[in-house]
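A short worksheet on the structure shown next.
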Amino acid sequence: MTEFNTRAIHDGQTPDPTTGAVIPPLYLTSTFKQDGIGGLREGYEYSRSGNPTRTALQDTLASLEGGTHAFAFASGLAAEDTLLRATLVPGEKILVGNDAYGGTYRLINRVHGEWGITNLTVDFTDLDAVRAAVATHAPRVLWVETPSNPLLRIVDIAAVAEIAQASGAFLVVDNTFATPSLQQPLTLGADVVVHSLTKYLGGHSDVVGGAVIVRDANLAEHIGFLQNAVGAVAAPFDSWLVSRGLKTLGVRIDRHSDNAEAIVAAIEQHPAVEAVLYPGLPSHPGHEIAARQMRRFGGMVSVLLRGGEAAARQLVETTTLFTLAESLGGVESLIEYPAAMTHASVAGTALEVPANLVRISVGIEDARDLVADLTVALDALPA
Ligand SMILES: *Cc1c(COP(=O)(O)O)cnc(C)c1O
């Protein structure tokens, strides 16, 4: 097997056999001509069921995550919804990390909860607590994010996979923050990887999408059935954009990581900063696990401010290169206030986030400019 960056550029992306076009064409078609009833070419019939541009993306994703099958959806949450339907039936339980992405928790709690799925939350960094929850509740699914959003906690994927396997549960890892360039959960024992393609995999803040990747044929068949039966598929143009993004994933992630390291070093000792949450810091409680299971530490940095909520709100409104916006993983740097933005939907639950927390998605601009912008904004906070 070739290496990661080679696969990101070539797997699923072979030149068009008809014209030689180096980039596989964008198939903007809803339906496919049949050579006699049922005479399908390459199995294509109707674009909800299958479209060559989506297939190309799915093949690249399966290769990059070390899976056998990938499925692309209209959003990360659409991917998660289909995955939850494929792995749980009413009456069963799901164990979710206590700092999962707010939208994921809302989907599990408010949508699937209504249909008879019970959710329990646990701190997945506490393996004894995970073992106890599994023994007591026998959940069908364990749902892990690492690094988590927005607290950047690190979960030991291999250790949780062992617990899941011993109890016959599925382990799902949301790999949106790390991306397969940094960590490949299926190779560490997870059963399923989910992604918001909207973030690093698309990488340019111009597309919303999601994916599920597996390595078990039965599970793949079930998800494939639901992808078509429910129909929240990735559109051809969206698939094409993500395929383009994937080609530069490796170089982007290295640059995101370089810039994040530069920023962390520059602001960690700033008097306005109470703590920097970044798995690359030796003081981070998950540093050793992260160093073991991740190639580098990525581009997401969270900061707790001494000045509380007021300081956090002021910081996100005064940077100029860091744009105040939700989302993450694009080439441009973003900054946000989770308590009132991305994580507003989990206020009052076990997943509520600190009021003095700011989350930064470090882009691939020049580090010196990013450091200067943040430093000016931090200096302006009241002492
Ligand atoms: C954004 C995000 C999602 C949801 O994906 P959408 O594409 O917005 O539907 C899920 N998990 C994580 C970690 C995310 O950051």
Side-chain angles (χ1 to χ4, degrees), residues 54 57 61 65 70-85 94 96-112 119 121 124 141-155 157 172-183 185 190 192-213 227 230 232-235 238-239 241-242 245-246 253 256 277 279 294 298-302 325-330 334-338 341-346 351 353 357 359-363:
R54 193 171 87 228
L57 168 62
L61 289 169
E65 285 288 3
F71 303 90
F73 294 87
S75 71
L77 288 178
E80 294 182 9
D81 178 48
T82 299
L83 173 61
L84 290 165
R85 294 172 195 250
I94 177 169
V96 193
N98 64 357
D99 59 350
Y101 172 70
T104 297
Y105 186 68
R106 181 178 56 197
L107 172 67
I108 289 170
N109 193 37
R110 307 246 328 254
V111 180
H112 289 264
N119 72 77
T121 55
F124 271 104
V141 174
L142 276 56
W143 191 287
V144 163
E145 265 179 52
T146 180
S148 68
N149 177 13
L151 296 175
L152 301 169
R153 291 199 185 120
I154 299 294
V155 176
I157 297 172
V172 176
V173 176
D174 183 335
N175 205 26
T176 298
F177 267 40
T179 85
S181 171
L182 297 182
Q183 114 192 329
V192 184
V193 163
V194 295
H195 275 288
S196 171
L197 301 174
T198 314
K199 316 295 168 53
Y200 286 104
L201 301 197
H204 296 73
S205 305
D206 52 11
V207 61
V208 171
V212 174
I213 301 117
Q227 184 191 38
V230 179
V233 295
D238 293 354
S239 300
L241 283 172
V242 177
L246 284 176
I253 290 291
H256 284 294
L277 310 180
M294 298 174 76
M300 296 302 298
V301 178
S302 288
E326 298 199 358
S327 200
L328 60 110
L334 300 179
I335 192 164
E336 68 119 359
Y337 181 62
M341 294 173 64
T342 49
H343 290 67
S345 70
V346 293
L351 286 77
V353 297
L357 182 78
R359 189 188 77 183
I360 297 169
S361 173
V362 180

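Remember, it's 1-based here, ligands and their atoms both numbered in the order they're listed.
- Under the 4.5 Å side-chain criterion, counting only non-hydrogen atoms from C-beta, Asn175 is not in contact with Ile213.
- Sorted by first and then second residue, the salt bridge (charged side-chain N to carboxylate O under 4.0 Å, His left out) pairs with a member in residues 200-210 form an empty list; sequence neighbours excluded.
- For Glu145, the salt bridge (charged side-chain N to carboxylate O under 4.0 Å, His left out) test picks out no residue, with sequence neighbours left out.
- Using a 4.5 Å cut-off on side-chain heavy atoms (C-beta onward), Leu84 and Val172 make no contact.
- Within 4.0 Å of ligand 1, heavy atoms belong to protein residues Ser75, Gly76, Leu77, Glu80, Tyr101, Thr104, Glu145, Asn149, Asp174, Thr176, Phe177, Ser196, Thr198, Lys199, Gly209, Leu328.
- Looking only at side-chain heavy atoms (C-beta outward), Asn149 and Arg359 come within less than 4.5 Å of each other.
- The ring pair (Phe, Tyr, Trp, His ring centres under 6.0 Å) search around His256 returns Tyr200, not counting sequence neighbours.
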